[in-house]
Structure formats: C-alpha cells, structure tokens
Amino acid sequence: MNLSNLIRVPRRFPGFGGGPTETDVCCVCRRDFLKGSIAAGVGALVGHWADLWAAEALPRMPGARADQCILLWMGGGPTQMETWDPHPGHVNGGELKGIPTSVPGIQISETLPLTAREMKHISIIRSLSTGEGNHDRGAYLMHTGYTPSGTVKHPSLGAIVSSELKNPEGFDLPNFISIQNPSFGAGFLGVDHEPLVVNDPQNPIAHMRYDVSKDRFFERVQLLEDLDRSFGKTRGKEEVSAHDTIYKRTIRLIHSRRTREAFDLKKEPEKLVEDYSRHLMNNRETTNSFGLSCLLARKLLEAGVRFVEVSLGGWDMHNTIVTSVKSNNALLDQGLSTLVRDLRSKGMLERTLIVWMGEFGRTPQINSNAGRDHWARSWSMIMAGGGVNGGLVVGKTSGDGMDVERDPKTAPDVLATICKSLGIDPSKTNYSSRGRPIRLVPKEGQVIQELVS
Amino acid sequence: MTRRPWRPLHRASGLRPLLALPRTALAGLVLLLAAAEWKCVHADLPREGGKDLRSSRKIDEHVNAELKRRQFMPAKDAEDAEFLRRLSLDLTGTIPPAEEVVSFLKDRDPKKREMKIDEYINHPLFAENLAVIWANLLLSRSSEASDRGMMENYLRDCFITNKPYDAMVRELLVAEGTTDEVAEVNYLVRHAEAAEAAGHTARVFLGLQIQCAQCHNHPYEKWEQKDFWGYTAFFIRMQRRQEGMRGDAYRPYSLSEATSSEVRYQVRGIPGSGQNSGEPVFDTAAPRFLGTEVASDSLHNRRESLARIMTDPQNLRFARAIVNRVWSHLLGRGLVMPVDDMGENNPPTHPELLDLLADDLIKKGYDLKYLYRVIANSKAYQRSSEPRNARFEGAEYYAYANMKPMTPEQLFNSLMQATGMDEKQRFHHPGRLREWKNNYLASYIYNFGNDEEEVIESFQGTIPQSLLMMNGPMVAEGVRVDAGSNLDRLFKLRKSDDDRVELMFLASLSRRPTALEKKGILDSIHRKGPTPDQRKEGFEDAFWALLNTTEFIYVH
C-alpha cells in the first residue's frame, strides 16, 4: 500500500564505523538507505538477458567438493532408532533389527535394505543434539541454523545456496526449487531467492501453458508491448521497464526447452521411472510420489539448478511406530537408493551433496501407544554424495539411546558443514532489512571436519 | 449526482463469500444489509464537504510553497479519468465499472470530484477496503492464533459507522475475551507476547520503532531501555490461552489479564561503548509511558491506562501517526517515510502540514472519513502522475502523483471488475472464486522477513506472478467474449468496432484510448480477418493485452 513495501534495502550496509559485529549492533535504522533505492530496486530486475542457451553454469567455488545440493526433508521428525541408529540389543531399540551395510561395521535399520547397499556414499551423524522439540521451531532451526527469534526471518538453506552459488544472469530456471513442500523462505535475502514451489512432480509449475495458439500468444505480447511503450513514455518509465523484463523472462521460461525438459518426467527411460516410483503397498501397485520427486530433483540439478528440496512427510509417529515406519521407510529406501544410483550413473554423484534430515528425532523410549514422541537430544541425520566423505559414522549415542556419548553436533554445525562442502564461507555476513549483520551460520557452528576434509 | 450504475449491490455482497469462513457467513449478510442501506440513503449523502474543505486548501498552500521553494514545477491536474480510477482504487479497492467512468466523464457539474469523493467515502466498499488494509496491518498476513474474519468484521463495523479512530484504538488495546466472541481481542491475541505487543503497537499507532531499545539504549532516538521495558510493562500481564472445542474442530483463543507479573530486564549500555562489561545487572520495570508513570498495583488493567495515555489529545504523536498513514495511503508516500518510523531523527518533509492535519483531526474528534475527504480534495492528491520534468524529480514533494503498485486485493478486485468473472463464477462455480483469490494472494505476497513480519507485496518480482496474469484461469476465462462475461455484456451495448475498443479501454484502464492506441488495436483486430469469430479473437487478444499492461497493475 505504500512505496516502502517495494523498497529493498541493500544487504551490505556501507560504513558503520569500525565494522559492526553481530553482538555489538542489533539494529541500524533502515531509513538511511531508503533515498534513491527505489531506482536501485527496480534496476536490479532489469538486468540484460543474453542468449540463454549460451548460459553455462559458473565454475565451482574454490575449495568446494560439490556445487549442487538436494535436501531430503523428513517432515514430522524421523525416528533415529528405526533408520540410522538401531539399538537392537536394548529394549529401546524396539522390534526392528539392524542389518549390515556395504561398509563393514555400520548397521542401519533392516527396513532400508536398498540404501544399505549404497552405504559407502553415505555418512551418518548419530549425535545430533539440537534442543528444539517443537515442529515449527525445530524445522526453522534445521533449515536456517538459527532458533526463531521473532525479530529476524533468517534465510533457509536453499536461499543461502541460491544466493551464494549463483547461475549466470539470464539462466532460465530458478535456483531454488522445493518439491511438495513450501519449505522455508528466503527471509531477508528477498524474493529473488524465494523457492519456486512445485506441488506435484507430475504437474510441476502452474500456468505454464496458454490456451491460444503460439501465433496468437505472440500477437498478444506484441500488443502489450505497444501499449506499455506508450505508457512508459510519459510516466512509470522504470515500472514499465521492470515489467517488460520479467515478462520476457517468463515468456522465455514458457518456451524454454531446457525448462520443459527438466520438468518433464516422461522424457526419462520407463525403467528408471519405475525404479524410482513403482511401489507395492499391501500387494497393490501404487506410485511413490517421493521417488518421483527425487527423479525430478535429479533432472533439475542436471539442468543447472543449485538447490532442490524434496519432502517426505508422515514421520510424526506417536502411535504404532513399527507399522508406520515400515511403510515410510519403503518409500524412502526406494527413492533415496535410486537417487544415489541414478546420480552415479549420470556422473553427477561426485558433484552433488545429498542431505537427509528432519526437525528432530524421536524418543528412545517407546511410549504407551507403541509410538515415539519428539526428541531433540540424541538423534540422527545423513549426508551423502560427493559433497562428503562416505561410509563414516559421526558421534555415538549411549546404549539406551538417551544421550550422546561422543561428538555432540548442533544445527549450526550441520549448516557449517553443508556450506563448507559447497564452498560457501559460513562466516559470510549479510544484513537484514534493518541493517543488522547476520552471519550465514551462527559463529558457534563448527564444520564437521571428518566429513569434508 | 453520479452513482455507481452497475450493480453495486451485487458487487459489494459478491466480495464477502471470498473472505468469509463458515463462522463469519453472517458478515456477508451484514454487508449486504449495509449495501442496501447505502443504496437507500444514497440520494441524501452528507454534504458537509463544502464547509469542511478549508484544510484541503491549506494542504495545497503548504505543498505548493515547498515545491516553489525547491523549484519543482507541479504537474497539471489529473484528467477526470485518471482521477476517478485513482480515487476508486484508493477508497473502494477496485477500479470503477466502465459505465461509471463514462457517466463521470460526461458529468458537467464543477463539483463532481468533491461529490464523487463523498460518494466513495460513504460506500460500503470503502469500509470493506479499509477493513482489509487494517487487518493486514494489525495481524499481518498470517493471522496466527487470531480469527481474521472476526477482526475484519470488527474493523468493517468501525469504518461503516465511522467510529472515532481514538476510540477504535482504545478498544483494540484493552480488549479481553475469546477470539470468536470479542472481535477486537484478535489484535492482541495475534501479538500476545508482551515485548512484541509493545513493539507492534508503537509501530502501528505511534509510528515509532522502539525495538532497538529492547536490548540496549537506542543509538539514535531518545528511547532508553527503561522506557522500552516500562512501556512493555503495560502488556506484561496479558495471558493468551487456547479454549476448548467449539462445535466442530475449532478451538478459539482467549486473552485475559493476570493480577501480577512484572518485567525484569538485563540492563545494557549502548553497543560498542564498552558499557557492557562486568557482571550483568537486572532491573524491574514499572509501567511508564511518555513520562507518565502508572501505579503498578494489581487492581486495574494496565492496558486501560496505556490506552488513555496513548490516545490523549495532548499526545500529538498519536494523531500524527494516523495522519501520516492516511496521507501515505492516498499520496503513495508518507510525510515521514517510512510511515512507521517517525522518530526524532527522521523529520517530516512538511512538518507544519503534518501538525496542522494532526491538530485538525483531533479537533474533529478523530473522524477518519473527514481526514480522507480533506486529503482527497486537495490538488496535491489530484495531480497527474505525468511529471513536468523528464528526470522525474520532485516525487517526494508531490510535484506529481506517485505510482503505487496495486495490492493483491486491489488487483484481484480489479480483475473481477474488468472481466465480470465474479458475476459469472458466483453462479456456476462458487468455490472457484475463493481458490482464485487465494492464488492471487499466494503469488503476490512474500514475507519480507524483517523485524515486524512486514510483507513485500511485489507486482513485478516473480515468474509465478506473471504466469498467473498471462495464463491464469481468471484472465484466460475473463477475456473471452462468452455469454456472461463483461466484454459480452458491453458488446451488446455497442455495435461498432470503434465503440467496442473504447469500451474495452474503459473497462480495463478506466479511460478512453488515444487516437493512436485505438488505431493500433483496430488494425490488429482487422488483420485477424473478416468473419465475426476472427474479429472476436482480435478483441480477446486486445483485452488480454490491456489487462497485462503496467498501467493496469498500478494505481497512478
């Protein structure tokens, strides 16, 4: 309703005497930079767009092991006991057993047999201790590395990667795509790094098709340009030019072969689609939609997108966990193992970091409903692919699973490690819209060296 | 007198089902009745405009003096069409119907602008529009625990009855009760944490940014930590609770006032000053605000004291903040920018004007309709958006009208108005309108992610937005010349291609085409071929182009 809504404050706040640190300064009045920044904000939208087919991905960041990332987000809080940290000898371990994997000495849940074969590409962190046992707060923490403060909206992992590992100007796909999950937004990094949210992997972006012939569509666009030109002559010059730019980008996207192909699962070999998604449940054939999302994620990475988040929900297993985990793990096992194999056969595995996590783990003790409740004190996640050393286990929980015995890790540690793997400097500082300096990862975050050195 | 000839009743009531939850279905009826009432009293609109407009002239004296001093040449007056579209969008939240534009253009009454302003200010859509704007401001776009429908009902009633603004704020600040029964409690239920309530209330009602003082003395302003926490102490006893199940699976929240609870805070100096070394020191904050200390006994609701101090006529800040907000709503930028940051170090562009309007508003008993009327009747508001100078200078001094991007609601309402899709869909697919509206809101609103959950409402930022405008169902269906569409209806009124092109411009851009534009469109239509179907395609393509223009998505 007022112009200030349009104004984006520059992220780098120029010259606050002596270089502010996070603890010193928590606010700088934004009005200092408002003057003249309307033009800057609009101007930023107007960048030229060169021939898109000529646009190649930028080289990897110096020191990076990977240059693209898939986050497999396990909404609801996945159990550690029935996935990556089985405790078969203890009553807390529950009914399900562990099985050996392709890496001697590492056992994972018997319900993940396909993944067990890929263990040499996968490393487990069994010592997460994160302290947020509420869904929203935990999800915020694991996505951003910060506890929600109510005063600043921190950018989520995808937005950080999108803003740090840019693609060339004019690249015709968004850099952060989230499948079946709204994810967390870009926070103060702004709309450029908001995820493009895809709800259905088989029908990805809304309104990509027009309902008239191509000729008519371009006649319409021509009329629009003529009308806009006459308006822009006398008023709203910048507005018209920004409008023109975004329309041209969108029209490119609609007609971009790269986009169409990247989003079109039908272009993939039938066998591969089946591997990802053909699923038997109670002896009836169904489609593993998580698997399809993993396939779409691979296609998007292949096309040059830097960060894709894929969601698998249903982990909030307060009741009868054995039944629910069996069915969820079947979906997970199929999607994850096929993804690793597919990336490997495409030669993409070594430049891809795969992260699997949720907002917290689940209570080691089984509750009276045969389920497990929220637990953030000792739980697990995995990282896989070329971004990390595979076949390792970081940390250890006690025999009853209640405590971390070795190498406790926090959310900032995880974020720092992901950044390091992708060649992003975790100490880099951005500025919130109020000019408050905020590091990509809080400074207590320590890189988990054995994974990335 | 001109009126909205095109089904104002339907339009007004048509808006409700989109917003209403089942629980608030009554509100639709309320508005319907209000609309009916409006129609009846329409002929006897209050005409105090004449005697009330001295302040409009004063606005122009101040604005023009400043322009002269800075040597900016003011733009010419907006043409009637430009004025009407701007006024309609600002006051009623939508573009005017084509017929209304035509009759306004034809009207020869020299007082027609003044009369139109009165008509809109008393239109039910004015209350609807302000209710949505204020609900966004008070709750932000995510209503959290509060009941947005109830909040809008409350606000709509305030604006329909023109409740004095200070009384409205007092009600919002002292409210206790449950979200489904006491509508005004929904504001503080949304911000039930004391420091957040304090910060949000200061920002919205006083235009003050005081959050910095939460952690340390404000580096620029006169707010100290003890001021912040003393002020926060007014909110510290609020208690939010979720109530039991109401009928179906719905649990409202309630807000009540505890009898004890004090603010304890850690005393810190100005950051970087070296005052923060040593052992942390804690202090208890007694409730105090603007120099007035209040007894910290447990017997009274502290928020009542705060509401009284805040809205006291002596507190010019309160009046200045609302004047600045209304001014910014109409003129596209505040006398102080940003509107919620009116601290000592951020002086207004026109300090005397701000004080004059604030004084005036207090004298008129915080009559918001009066304030809108006075500003809308100024030349400053009614200037063209075409600047005299090619470098676009002087916007901050109102040398020409600022371009304002439409809010998502304005865009949605305007698309419905232009295409007639509301009429058509309401009968055939009642659920679809809500789905469309949600699509629009979702595509156009991004959480800006800053300290106050401000949102950015951007109209050019993203690909999904332009896809929605280019290929979305509302535009795709709306441009068709099918039975029931607005174009079809208009085309039945006029038969010549010439007239029809004119009508398309009136329905979308609320103006007549220039000769060149008309020729361009007619040529493109005639190029399609001679058959009626080919010509129809030509019209549809032109209408699509009009709805996708920059001109359409801006208030200018």
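Values below: all heavy atoms of this structure, side chains included; hydrogens, waters and symmetry mates excluded. Just so we're on the same page: letters track the sequence lines, and every chain starts at 1.
- The number of heavy atoms from other shown groups lying within 6.0 Å of CD (B:Q534) is above 12.
- Contacts between B:Y400 and chain A at a heavy-atom distance below 4.5 Å are absent for every atom of the residue.
- Listed for the A:H243 side chain is a donor-acceptor partner under 3.5 Å among the backbone atoms of B:N548.
- In this structure, A:R220 and B:A545 approach most closely via the heavy-atom pair O-CB, 3.8 Å.
- Contacts between A:D211 and chain B at a heavy-atom distance below 4.5 Å involve the side chain alone, from C-beta outward.
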For B:E540 and A:R216, run salt bridge (Lys or Arg N to Asp or Glu O under 4.0 Å): C-alpha distance rounded to whole Å, both residues' side-chain angles, the deciding distance at 0.1 Å, then the answer. CA-CA 10 Å; B:E540 289 174 352; A:R216 261 186 91 183; 3.3 Å; yes

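- Atoms CG and CG, from B:D523 and A:L223 in turn, are 10.5 Å apart once rounded to the nearest 0.5 Å.
- Of the N and O atoms on the side chains of A:E219 and B:S524, not one donor lies less than 3.5 Å from an acceptor on the other residue.
- Looking at B:E537, the atoms closer than 4.5 Å to chain A (heavy atoms on both sides) sit in the backbone and in the side chain alike.
- Proximity of A:Q222 to B:D541: side-chain heavy atoms (C-beta onward) are nowhere separated by under 4.5 Å.
- Both the backbone and the side chain of B:L546 come within contact range of chain A, judged by heavy atoms closer than 4.5 Å.
- With a 4.5 angstrom heavy-atom cutoff, A:V221 touches chain B via backbone and side-chain atoms both.
- A salt bridge links B:E82 with A:R235: the distance from a Lys NZ or Arg NE/NH1/NH2 to an Asp or Glu carboxylate oxygen falls below 4.0 Å.
- A:T234 and B:P387 get closest at one heavy-atom pair: O-CD, 3.5 Å.
- With a 4.5 angstrom heavy-atom cutoff, B:E386 touches chain A via backbone and side-chain atoms both.
- Closest approach of B:N471 to A:R209, counting heavy atoms only: CB-O, 3.4 Å.
- Using a 4.5 Å heavy-atom threshold, the side chains of B:M470 and A:Y210 count as separate.
- Contact check for B:Y554 versus A:V240: no side-chain heavy atoms found under the 4.5 Å cut-off.
- A side-chain donor from one of B:T550 and A:D228 sits under 3.5 Å from a side-chain acceptor of the other.
- Summarising the geometry, atom CE belonging to B:M469 is positioned 10.0 Å from atom CG belonging to A:L224; distances are rounded to the nearest 0.5 Å.
- The heavy-atom pair separating B:F505 from A:L227 by the smallest distance is CZ-CD2, 3.8 Å.
- For the atom pair OH of A:Y247 and CD of B:Q465, the computed distance is 9.5 Å after rounding to the nearest 0.5 Å.
- Only the side chain of B:V479 comes within contact range of chain A, with at least one heavy atom under 4.5 Å from a heavy atom of that chain.
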